[in-house]
Amino acid sequence: MMACQDWPEPVIRVQALAESGLATIPERFVKPKSQRPTNYTTHASNQPNDSHTTHEDINIPVIDMKHIYSGEDGRREEELHRVAAACREWGFFQVVNHGVSHELMKSAREVWREFFHQPIEVKEEYANTPLTYEGYGSRLGVKKGAILDWSDYFFLHFMPCSLMDQAKWPNLPTSLRNVITEYGEEVVKLGGRVLEILSVNLGLRKDFLLNAFGGEDEVGACLRVNFYPKCPQPDLTMGLSSHSDPGGMTILLPDESVSGLQVRRGDDWITVKPIPNAFIINIGDQIQVLSNAVYKSIEHRVIVNSDKDRVSLAFFYNPKSDIPIEPAKELVTEDRPALYPSKTFDEYRLYIRTKGPSGKAQVESLISKCDSN
């Protein structure tokens, strides 16, 4: 439990700031120069297989799941290899033909966009605290005087069932609870299918990662809906600062009309253009640990736009909080010893919140600690 039960200073609602017509952003949102969007940012293409691809056309891999579940053996093996390569080299990939209704995906985006355009007094009824972060929020940390990101959000627990409290879910728009209940159920199923694929590619039992997360009934699942308002000075701030995800795996439903997600690729940042009706999936720190760094949790961030708002739904698929997470024994050899010490997800979150560095360095810092033990 966090020591602080409330925010250390008055919360700034970014959407209200953006709609006030201000021409310059408050100093609290201005990032240091080293953390601002850069002129050498690369824009991703929707043609990842084009033989004439240039540096400007790089995209994260796109995986067609129908080839894995109903394709010919040759296509299945080829697609499984492409998933494995994406997890090793990118930490990110998009999936199409994933089994989730396109209409449901569209409805999920629309109900949350409608929620964020409710009157401020309606949204404030669901204002969150640092105790659980569940509800309507505008900051992700409790450090006093922190430089803030240009975004608001709504955070909800789905699993385990003991944590789900629909009383904290918005009742406006009236369809939101039903839509998001169905959406959550379908994305949880998709997460289970993806974990099977990752397990098989690692040479493990297909249920290895799911069991390592606590099993079907104990896996953690939560949703953060991100709202990135228009920004008059998008070159000075970020919608979400650079980080790797501390949990297991993230399944992102992006805004198809406004790009914003950027993935680190060497010294460059790739701006991802979402494929229509696709989910973007990325490896989190816990799978990097379980795979003994065969799969990579990659740094990413979100830029903002001066002309358009942006909505995305990030579904986090995490281990049960009190299960020790360590490299799979099958992936530990004399040539490749265990790179990480055993930590529960709760211990890891406490470590990065109170002692560890920020961004991608948080999971890498565990390697030196393991070596020194």
Side-chain angles (χ1 to χ4, degrees), residues 6-44 56 109-110 112-128 133 135-155 170 172 224-243 252 254-264 268-274 299-314 358-359:
D6 207 349
W7 302 109
E9 49 211 351
V11 173
I12 302 171
R13 300 301 183 199
V14 180
Q15 185 179 3
L17 274 180
E19 292 174 353
S20 70
L22 79 175
T24 58
I25 63 175
E27 196 67 27
R28 291 292 309 279
F29 294 90
V30 177
K31 302 291 182 182
K33 287 186 178 181
S34 62
Q35 297 175 23
R36 297 176 191 174
T38 52
N39 291 330
Y40 56 83
T41 296
T42 302
H43 291 271
E56 297 300 314
R109 271 190 299 252
E110 287 178 348
W112 281 111
R113 186 177 292 278
E114 191 174 339
F115 169 79
F116 279 103
H117 284 96
Q118 296 291 323
I120 186 66
E121 57 269 20
V122 172
K123 292 180 288 190
E124 288 293 353
E125 291 179 16
Y126 302 95
N128 69 354
Y133 282 82
Y136 173 56
S138 298
R139 61 182 296 163
L140 293 168
V142 294
K143 183 180 178 182
K144 192 170 183 178
I147 299 175
L148 304 175
D149 290 334
W150 192 262
S151 59
D152 296 328
Y153 65 88
F154 204 105
F155 185 86
L172 287 174
R224 190 179 72 223
V225 184
N226 306 297
F227 185 81
Y228 302 103
K230 292 182 287 187
C231 180
Q233 295 177 297
D235 55 326
L236 297 183
T237 191
M238 300 297 300
L240 194 58
S241 296
S242 174
H243 66 288
L252 178 74
D255 192 316
E256 291 187 347
S257 61
V258 187
S259 296
L261 173 65
Q262 293 189 326
V263 177
R264 182 180 281 282
D268 288 341
W269 288 97
I270 307 300
T271 302
V272 178
K273 287 186 178 179
E299 200 174 353
H300 52 286
R301 65 186 189 182
V302 176
I303 57 175
V304 289
N305 192 287
S306 59
D307 300 317
K308 296 179 180 179
D309 298 333
R310 181 172 175 271
V311 174
S312 68
L313 282 66
S358 60

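For clarity, every value in this text was computed on a predicted model and none was experimentally measured. Residue numbers count from 1 along this sequence. Below, all heavy atoms of this structure are taken into account, side chains as well, without hydrogens, waters or symmetry copies.
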Heavy-atom distance under 4.5 Å between the side chains of His117 and Gln15, does that happen here? yes
In Å, rounded to the nearest 0.5 Å, how long is the span from NZ of Lys123 to CD of Gln118? 8.0 Å
If I compare all heavy atoms of Pro232 with all of Ala23, which pair ends up nearest, and what's the gap? CB-O, 3.5 Å
Roughly how far, to the nearest 0.5 Å, is CG of Asp309 from OG of Ser257? 10.0 Å
Centres of the Phe227 and Phe116 rings: under 6.0 Å? yes
Would you say that Leu17 contacts Pro26 through its side chain, given a criterion of any heavy-atom pair below 4.5 Å between the two side chains? yes
Roughly how far, to the nearest 0.5 Å, is CG of Leu252 from CG of Leu313? 8.0 Å
Could you point out which residue of Asn305, Ile303, Val302 forms a side chain to side chain contact (heavy atoms under 4.5 Å, CB included) with Arg310? Val302
On a heavy-atom basis, the closest approach of Val225 and Val311 is CG1-CG1, 4.3 Å
Specify the closest pair of heavy atoms between His300 and Val263, including all atoms of both residues, with the distance to one decimal. CB-CA, 4.3 Å
Who are the salt bridge (charged side-chain N to carboxylate O under 4.0 Å, His left out) partners of Arg224, not counting sequence neighbours? none
Can you check whether Asn226 reaches Ser312 side chain to side chain, under 4.5 Å on heavy atoms? yes
At what distance, to the nearest 0.5 angstrom, does CZ of Phe115 lie from CZ of Phe154? 5.0 Å
For residues 136-146, run the donor-acceptor check on the side chains, cut-off 3.5 Å, and write out each pair with its distance to 0.1 Å, sequence neighbours left out.
from: Ser138; atom 1: OG; to: Arg13; atom 2: NH1; distance (Å): 2.9
from: Ser138; atom 1: OG; to: Asp152; atom 2: OD1; distance (Å): 2.7
from: Arg139; atom 1: NE; to: Gly141; atom 2: O; distance (Å): 2.9
from: Arg139; atom 1: NH1; to: Glu9; atom 2: OE2; distance (Å): 2.9
from: Arg139; atom 1: NH2; to: Gly141; atom 2: O; distance (Å): 3.4
from: Arg139; atom 1: NH2; to: Lys143; atom 2: O; distance (Å): 2.9

Are Tyr133 and Trp7 close enough that their ring centers fall under 6.0 Å? yes
Would you find a donor on one side and an acceptor on the other, under 3.5 Å apart, between the side chain of Ser151 and the backbone of Gly239? yes
What side-chain hydrogen bond (donor to acceptor under 3.5 Å, both in side chains) pairs are there with at least one residue in residues 228-238, not counting sequence neighbours? none
Just wondering, more than 12 heavy atoms not from Glu121 lying within 6.0 Å of its CD? yes
Considering residues at least two apart in sequence or located in another chain, which fulfil the side chain to side chain contact (heavy atoms under 4.5 Å, CB included) criterion with Ala18? Trp150, Pro229
Holding to salt bridge (charged side-chain N to carboxylate O under 4.0 Å, His left out), I want the full list of residues that pass it with Asp255, two or more places apart in sequence or in another chain. Arg113
Indicate every side-chain donor-acceptor pair of residues 30-37 with a distance under 3.5 Å to a residue at least two apart or in another chain.
from: Lys31; atom 1: NZ; to: Leu148; atom 2: O; distance (Å): 3.4
from: Lys31; atom 1: NZ; to: Asp149; atom 2: OD1; distance (Å): 2.6
from: Lys31; atom 1: NZ; to: Ser241; atom 2: OG; distance (Å): 3.0
from: Arg36; atom 1: NE; to: Lys31; atom 2: O; distance (Å): 2.7
from: Arg36; atom 1: NH2; to: Lys31; atom 2: O; distance (Å): 3.2

Would you say that Phe29 contacts Cys231 through its side chain, given a criterion of any heavy-atom pair below 4.5 Å between the two side chains? no
